[in-house]
Student: 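Sharing a structure, written as structure tokens. Questions coming.
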Amino acid sequence: METSAYVDVLAREGALLATSAESAGTDAEVPTCPGWQVRDLLRHTGTVHRWAETIVAERHAGPLPDGGLPDLDGGDLLAWFREGHMRLVDTLTGAAPDVRCWHFLPAPSPLAFWARRQAHETTVHRIDAESARGGGPTAVGADFAVDGIDELLCAFHARPKSAVRSAEPRTLRVRATDVPGAVWTVRLSAEPPVTERTGDGDADCELAGPAALLYPALWNRRPFPEVSGDASLAALWREKSGITWK
């Protein structure tokens, strides 16, 4: 995807998140994030947006502290979220393609990284807001879902901090059944997972389904559409794959 396409997704998903949060109310529980209410979701996502925007706008060469969560609620919190979201969209839209700043996953450029990361960050949390509101979720495009799965498996869980590990070597396969070639082989061991875009060889367990359902499932927002083989590896993913802010 082009950087501008990610920014378009970010703009749309942030607006949907705010609308769903407003409909649910800030006291509402967030079923996809046990222990959170909508106010926690808005404070977290809004803080991430401001943190990312500052790094790009001020061209920071290293990581920054996040500035802390705001002591806001209700309409004031929603207004704060919307303002920070639009500031991030505007900054990414106006940034030079060759802007230099810190980023924490491999990417063609810092700007490409931040546009992609914030598009997926905001989409996952939009799913959370819609779970609090109730009713059917907004669909995720298959190509964008595949991109998000790729980011999660090939980038996030390639980092040393990934906790998805196995004392014995095991192989997990992830397959988007509606997108040709969208298959990943995740090799688990006592070291960080190693993921390849291939379906070659045997696997101990396969997680499969339409990309739009598999994407939130791998982010632990819904059940896996299909599990075949050793279900303990699906359980291991559920238990160990969470990405934490701190």
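Everything quoted here is computed from the prediction, not taken from an experiment.
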Student: Kindly assign one of parallel, tilted or perpendicular to the pair H44 and H125, based on the angle between their ring planes and the thresholds 30° and 60°.
Tutor: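 Aromatic pair H44/H125 classed perpendicular.
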Student: Under a single-linkage rule joining Ile, Leu, Val, Met, Phe, Trp and Tyr whose side-chain heavy atoms are separated by less than 4.5 Å, which residues share a cluster with V194?
Tutor: none
Student: Using atom types as modelled and distance alone, determine if a side-chain donor or acceptor of D66 lies under 3.5 Å from a backbone N or O of V48.
Tutor: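 Looks like no, no N/O pair under 3.5 Å.
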Student: Would R173 and D202 pass as an ion pair if we require N to O under 4.0 Å?
Tutor: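 Salt bridge: no.
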Student: Give a yes or no on this: more than 12 heavy atoms of other residues, nucleotides or ligands lie within 6.0 Å of atom CZ of R197.
Tutor: yes
Student: Do the non-hydrogen side-chain atoms of W237 and N220 ever get within less than 4.5 Å of each other?
Tutor: yes
Student: Do other residues, nucleotides or ligands put more than 12 heavy atoms under 6.0 Å from D90 CG?
Tutor: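 For D90, atom CG is crowded (more than 12 foreign heavy atoms under 6.0 Å).
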Student: Ignoring hydrogens and geometry, is there a side-chain-to-backbone donor-acceptor pair from E29 to Q37 under 3.5 Å?
Tutor: no
Student: Provide the closest heavy-atom pair for H157 versus S162 in the form atom of the first, atom of the second, distance.
Tutor: ND1-OG, 2.8 Å
Student: Sequence neighbours excluded, which residues qualify as side chain to side chain contact (heavy atoms under 4.5 Å, CB included) partners of P216?
Tutor: I127, R221, R222
Student: Both conditions, 6.0 Å and 45 degrees, for the charged tip of R50 above the ring of W80: are they met here?
Tutor: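 Yes, R50 lies over the aromatic ring of W80.
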Student: Any idea how H85 and F81 line up, ring-wise: parallel (<30°), tilted (30 to 60°), or perpendicular (>60°)?
Tutor: parallel
